[in-house]
Amino acid sequence: MALVPTASEIAVREVLAKFDAEFAQVATAIENGEFALWVGSGISRQAPNLGNLIERAFDCIRERAIGVGTAAAYLPALEEVLGLAEVDPAAVEPQYAQPLALWPQREAIIDRLWNKYSRVLDIRIAGKDEDFVLWDAIDIRQAFENPAPPAAEHLCIAILILEGAVQSIASANWDGFIEAAVSRLSNSVPGVIQVVVDPDQLRGPAGRARMLKFHGCIVHATHEPLVFRRFLTGSYTQIMDWPEKAEFAAMCNAVVGLATAQKTFVLGLSIQDNNLQTLFARAKALHAWPWPCAPAAPAHIFCENQIQQGQRDVLRLSYGPAYNDNPAAVHNATLLRAWGEKVLIALVLKLLAGKLVCLMELALAPMGKGAIAGVLTPLLKELRNDIAELAVLAPGEQSRTAFVNQSIALWSRMLSIYRGGVLPTNPDAYETLSHSTPNLIAADQNAQAMGLGRLGVALSLLQYGRAAGLWELHHPASNEVASGAMTARASRPNAVDRPLFIVKSATDAIALQSNGAFANDNAIVLHADDTWRRMVDSGTSPRRMRAAPGRTGRVGDTHVSLGNLLARCDDAPTLLQEFVAEMML
């Protein structure tokens with residue numbers, strides 16, 4: 001029996017396989033907006049290192065504990081933090097004058113304080129604010145200055161928001177990575193995500209998604225400390241007091257409402273804090289989630305290597321006596337054994353391929369060609385899976401951010417060329433396929449009018465030839481429009497690279513032509529409709545050869561009309577055969 005891969009070992013392609021099999025109901029529910037994301041520090045590895053923050057706090061207290069005029073106030077605090085680290089103050093007193101970095105016990109002290117971070121933040125200095133350790137000793141604002149760019153996880157969450165799948169997020173993180181990702185991918189359109197830190201913000205205008213930052217936000221606290229500093233929640237006392245404080249009541253109710261109304265998808269959050277467990281208990285009291293849950297998806301999914309104690313507590317709280325009937329079944333249905341980065345990449349790939357399948361079916365059914373859609377669908381999924389195989393760590397990298405950024409650029413380039421015959425105005429932004437969830441695609445008249453179902457057909461046919469070994473598909477040769485959406489090359493000796501374009505109409509092809517896209521006289525243009533063929537060739541072959549292939553290497557532009565092919569091909573085998581004949585790479 002093969003060993004189940006760990007969360008670290010599993011590949012994105014294997015996560016997709018889970019979403020096609022035992023977690024299929026979960027994936028469908030996520031795509032249709034049934035789940036809220038609950039995110040924690042595990043998806044923000046670029047945030048300041050916790051060990052470094054502990055060391056900053058320690059050294060600030062240590063320096064003042066030996067300072068003239070400050071020792072009386074700070075020496076008790078130093079002894080308290082050493083006590084938390086299980087170190088006898090008398091044994092290390094000779095080292096007080098040295099930075100923690102020079103102490104032989106440094107690693108042991110950091111390790112012991114790591115899981116007692118909330119206790120460190122709770123250390124009090126006489127006459128100082130209760131958040132002195134966080135705000136002054138650590139200087140949390142400076143620690144979060146100049147943040148790194150959003151990583152793969154944040155970019156994928158932003159895509160899921162723009163595609164309509166994620167509508168609610170509960171975040172324990174102070175950082176602004178998700179907001180930065182949404183801003184970048186949406187071309188800085190304001191209001192796409194409604195960020196709530198202060199309960200007053202609950203009354204603001206809705207966005208495509210709402211993010212409840214229930215432990216505060218360093219971005220807001222830095223820009224408006226008089227308003228938002230008090231919402232930074234990290235000390236043990238703050239965490240314990242949070243569900244009971246009047247100023248947090250509205251936020252508390254909003255988070256409880258989220259746990260009551262939407263299923264919970266947990267990424268990088270252990271849920272070990274008592275205040276979070278209290279919220280899930282309140283949600284259960286309002287309206288408990290059922291177990292067994294079939295045919296619906298489970299109410300809680302954890303992206304972990306194994307279920308953490310805090311998450312186990314949530315399952316026991318949520319399901320009550322039903323949990324006891326078969327804890328193993330609950331855990332098997334709840335644990336998606338993969339880390340958030342791989343899960344989110346897989347979700348994006350599955351969502352986009354699923355939407356294209358829906359649009360393709362909607363486009364072909366009125367033509368009486370629904371059976372063709374049934375044959376093309378596996379090809380589209382095969383293409384999705386092949387892309388997933390590329391989602392690996394680059395040499396020397398610890399994340400798949402480079403893959404995600406490149407994928408966003410290539411996807412947006414293809415979709416912008418298809419929709420308008422132009423390159424994206426902002427190469428860093430994301431081209432949304434459809435704001436509608438898959439279950440509402442049939443009501444999305446704009447997506448259907450844009451002919452996006454034909455894009456699904458084109459990609460399926462290209463995958464057929466690729467899988468059959470007839471041609472290869474690669475990245476565009478350059479960023480110039482003349483390089484097309486991708487590069488195609490026949491699988492034969494002396495074949496040449498040719499730019500390939502997919503366009504929805506002749507109007508878009510003309511726009512490309514006027515911008516010099518076909519200047520090299522070797523482009524392949526797949527037309528979703530039949531207008532170009534009728535307009536240019538008057539019913540003759542859409543392929544125009546200007547030179548003998550194999551002699552000069554110049555073969556002329558090739559125009560293939562999907563509209564014509566679909567009209568005259570009554571079944572999938574004929575369509576595939578005719579498409580290959582028209583391509584003639």
Side-chain angles (χ1 to χ4, degrees), residues 30-33 36-37 39 43-44 147-171 173 175-198 200-213 217-220 222-224 228 344 347-348 351-352 355 359 401 404-438 440-441 443-450 452 455 479 504 508 511:
I30 293 172
E31 291 171 344
N32 290 325
L37 300 188
V39 300
I43 70 159
S44 292
E153 295 95 327
H154 313 114
L155 295 167
C156 287
I157 289 173
I159 292 172
L160 294 172
I161 289 171
L162 294 171
E163 293 288 349
V166 169
Q167 298 156 18
S168 303
I169 303 173
S171 176
N173 294 345
D175 62 71
F177 291 127
I178 292 176
E179 301 94 301
V182 171
S183 178
R184 183 196 122 185
L185 297 192
S186 66
N187 207 16
S188 300
V189 173
V192 173
I193 184 169
Q194 179 192 10
V195 178
V196 178
V197 181
D198 184 334
D200 283 345
Q201 294 172 315
L202 290 166
R203 297 167 176 167
R208 295 197 184 281
R210 170 188 277 183
M211 180 160 64
L212 304 175
K213 301 188 80 167
C217 174
I218 192 59
V219 178
H220 283 69
T222 299
H223 292 161
E224 296 184 70
F228 293 102
L344 289 164
L347 281 173
V348 168
L351 176 66
L352 294 178
K355 284 189 175 185
L359 289 163
T401 303
V404 171
N405 276 319
Q406 185 179 57
S407 299
I408 289 170
L410 293 172
W411 165 267
S412 298
R413 179 186 179 97
M414 179 189 72
L415 206 51
S416 182
I417 288 174
Y418 180 82
R419 280 183 168 138
V422 295
L423 296 178
T425 55
N426 180 358
D428 290 328
Y430 171 80
E431 288 279 335
T432 302
L433 182 63
S434 166
H435 297 306
S436 301
T437 53
L440 296 177
I441 283 281
D444 190 340
Q445 299 301 319
N446 288 331
Q448 295 180 59
M450 194 59 63
L452 292 171
L455 175 62
N479 291 328
K504 76 176 190 305
D508 307 305

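All residue numbers in this chain count up from 1 along the given sequence.
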Between I178 and V195, is a side chain to side chain contact (heavy atoms under 4.5 Å, CB included) present by the stated rule, with each step listed?
CA-CA 10 Å; I178 292 176; V195 178; over 6 Å; no
Okay, side chain of W411, backbone of E431: is any donor-acceptor separation there less than 3.5 Å?
yes
Any sub-3.5 Å donor-acceptor pair from R413's side-chain atoms to P427's backbone N or O?
no
Can you give me the closest heavy-atom contact between T437 and G33, atom names plus distance?
CG2-N, 4.4 Å
Kindly indicate whether the side chain of I43, heavy atoms from C-beta on, has any atom under 4.5 Å from the side chain of N173.
yes
Please name the pair of heavy atoms, one in S436 and one in D444, separated by the smallest distance, quoted to 0.1 Å.
OG-OD2, 2.9 Å
Indicate the atoms forming the closest heavy-atom contact of I417 with D508, along with that distance.
O-CB, 4.5 Å
Would you say the side-chain atoms of E163 pair up with the backbone N or O of S434, donor to acceptor, closer than 3.5 Å?
yes
CG (L344) and CG (L37) are apart, to the nearest 0.5 Å, by 7.0 Å
T401 and A152: which non-hydrogen atoms are nearest, and at how many Å?
OG1-N, 3.0 Å
Between the CZ atom in R208 and the CD1 atom in I161, the distance rounded to the nearest 0.5 Å is 10.5 Å
When you measure from the side chain of Q201 to the backbone N and O of Q194, does any donor-acceptor pair fall under 3.5 Å?
no
Between L185 and V192, is any pair of side-chain heavy atoms under 4.5 Å apart?
no
Side-chain touch E153/V404, heavy atoms, less than 4.5 angstrom:
no
Verify, without hydrogens or angle tests, whether H154 (side chain) and P149 (backbone) share a donor-acceptor contact under 3.5 angstrom.
no
Any side-chain heavy atom of I30 within less than 4.5 Å of one from L351?
no
Test your reading of the model: is there a side-chain donor-acceptor pair from S416 to the backbone of S412, 3.5 Å cut-off?
no
What heavy-atom pair brings A511 and G420 nearest, and what distance separates the two atoms?
CB-O, 4.2 Å
Determine yes or no for a side-chain-to-main-chain donor-acceptor pair under 3.5 angstrom, with S171 supplying the side chain and L212 the backbone.
no
Using the side-chain contact (heavy atoms from CB on, under 4.5 Å) rule, pick out the option among S44, P147, P150, C217 that qualifies with D175.
S44
For L352 versus L433, what's the shortest heavy-atom pair and its separation?
O-CD2, 4.0 Å
Who passes ring-ring contact (aromatic ring centres under 6.0 Å, His included) against Y418, sequence neighbours left out?
none
Write out all pairs satisfying salt bridge (charged side-chain N to carboxylate O under 4.0 Å, His left out) with one or both partners inside residues 185-194, taking only residues at least two apart or from two chains.
none
side-chain hydrogen bond (donor to acceptor under 3.5 Å, both in side chains) partners of residues 179-190, not counting sequence neighbours, each pair once:
E179-K213, R184-N405, N187-N426
Main chain of L455, side chain of K504: is a donor-acceptor contact present, judged purely on distance under 3.5 Å?
no
Is the side chain of R419 donor-acceptor paired with the backbone N or O of L452 at a distance under 3.5 Å, no angle test?
no
